[in-house]
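Data first, discussion second: the structure below is written as structure tokens.
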Amino acid sequence: MHTMNTMLDAAFFRHPVLTVAEELIGKHLVVRGASHMITEVEAYDGPQDLACHASRGRTKRTEPMFGPSGHWYVYLCYGMYWMLNIVTGEEGYPAAVLIRGIRGHCGPGKLTRALGINGQFNALPAIRSTGLWVEDRGERIDVERIRRTPRIGVAYAGEWAAKPYRFVLE
DNA sequence: ACGATGATGAAC
DNA sequence: TTCATCATCGTA
């Protein structure tokens with residue numbers, strides 16, 4: 001039996017960021033005709049989350065996170081690495097999932113470099129016509145294979161640094 | 001352990 | 001306009 005590849009749309013992403021983050025494990029990032037299984041993500045959850053950029057308010061940079069779900073939030077980190085995030089939840093509530101790993105590439109800065117993803121995708125919707133989207137390719141991921149840990153590189157975020165908002169496929 | 005490398009946001 | 005800070009990574 002053949003399974004259709006389904007593009008994940010805005011409705012898929014219009015849910016609590018922790019829910020979307022876990023469900024993104026095992027889905028596929030599609031760019032330039034190639035698909036890559038997502039193996040590691042982190043959730044950033046709203047203005048109260050001190051590790052979330054939006055906790056410092058609505059600014060030019062964080063604007064996409066306040067927009068509708070299913071759009072990309074891409075920003076430059078440490079002057080060298082592009083971080084790829086997908087906006088989740090209701091419009092007006094700033095939350096996003098950082099794509100930290102795909103099969104064959106570990107690390108958020110390495111995967112964007114390998115796939116040629118940069119700021120050109122910021123604020124664009126994750127649909128076929130933009131050239132960067134997410135698909136369910138019918139792979140079943142047992143939740144037992146998903147490990148939760150604190151997020152990486154956010155030690156400054158007080159109690160929020162310890163929350164298990166990182167999801168990794170074993 | 002540290003430097004590369006530049007945008008960001010807050011302070012001044 | 002300056003300044004500290006950074007959701008990282010390669011090299012040592």
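Quick note on labels: first sequence line is chain A, next is B, and so on, each numbered from 1. Hydrogens, waters and symmetry mates are skipped; everything else that's a heavy atom, side chains included, is used.
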Q.
Looking at A:R148 and A:P164, would you say the former's side chain and the latter's main chain have a donor-acceptor pair under 3.5 Å?
A. yes
Q.
Which residues in residues 157-170 of chain A have a heavy atom closer than 4.0 Å to any atom of DNA chain B?
A. none
Q. Can you name the residues that form a salt bridge (charged side-chain N to carboxylate O under 4.0 Å, His left out) with A:R147, not counting sequence neighbours?
A. A:E170
Return all side-chain donor-acceptor pairs below 3.5 angstrom for residues 22-29 of chain A, not counting sequence neighbours, or 'none' if the list is empty.
unit_1: A:K27; atom_1: NZ; unit_2: A:E23; atom_2: O; d: 2.8
unit_1: A:H28; atom_1: NE2; unit_2: A:E139; atom_2: OE2; d: 3.3

Q.
Going by the rule salt bridge (charged side-chain N to carboxylate O under 4.0 Å, His left out), which residues pair with A:R145 if we only count those two or more places apart in sequence or in a different chain?
A. none
Q: Determine, for nucleotides 7-12 of chain C in 5'-to-3' order, which nucleotides have protein heavy atoms under 4.0 Å from the base (write B), from only the sugar-phosphate (write S), or from neither (write -).
A: BBSS--
Q) Hey, does the side chain of A:T130 reach the backbone of A:P125 with a donor-acceptor pair shorter than 3.5 angstrom? A) yes
Q: Go through the side-chain N and O atoms of A:E91 and A:Y93 and say whether any donor and acceptor fall under 3.5 Å apart.
A: no
Q.
Run the salt bridge (charged side-chain N to carboxylate O under 4.0 Å, His left out) test against A:D136 and tell me which residues pass, sequence neighbours left out.
A. none
**Q.** Of all pairs that satisfy side chain to side chain donor-acceptor pair (under 3.5 Å), the ones with a partner from residues 73-89 of chain A, not counting sequence neighbours
**A.** A:H53-A:Y73
With a cut-off of 3.5 Å and sequence neighbours excluded, list every side-chain donor-acceptor pair involving residues 95-106 of chain A.
unit_1: A:R100; atom_1: NE; unit_2: A:E40; atom_2: OE2; d: 2.9

Q) Looking at A:C77 and A:M83, what are the two nearest heavy atoms and their distance? A) CB-CG, 3.9 Å
Q. What side chain to side chain donor-acceptor pair (under 3.5 Å) pairs are there with at least one residue in residues 108-118 of chain A, not counting sequence neighbours?
A. A:N118-A:Q120
(Q) As a check on the pairing definition, encode DNA chain B in dot-bracket form, counting Watson-Crick and G-U wobble pairs whose two distances are under 3.5 Å, and using | for partners outside this strand. (A) ||||.||||||.
Q: Using the test side-chain hydrogen bond (donor to acceptor under 3.5 Å, both in side chains), find all partners of A:D49 that sit at least two apart in sequence or belong to another chain.
A: A:R151
**Q.** Interface limits on DNA chain B, where chain A has a heavy atom under 4.0 Å of a nucleotide atom
**A.** B:dA4 to B:dA10
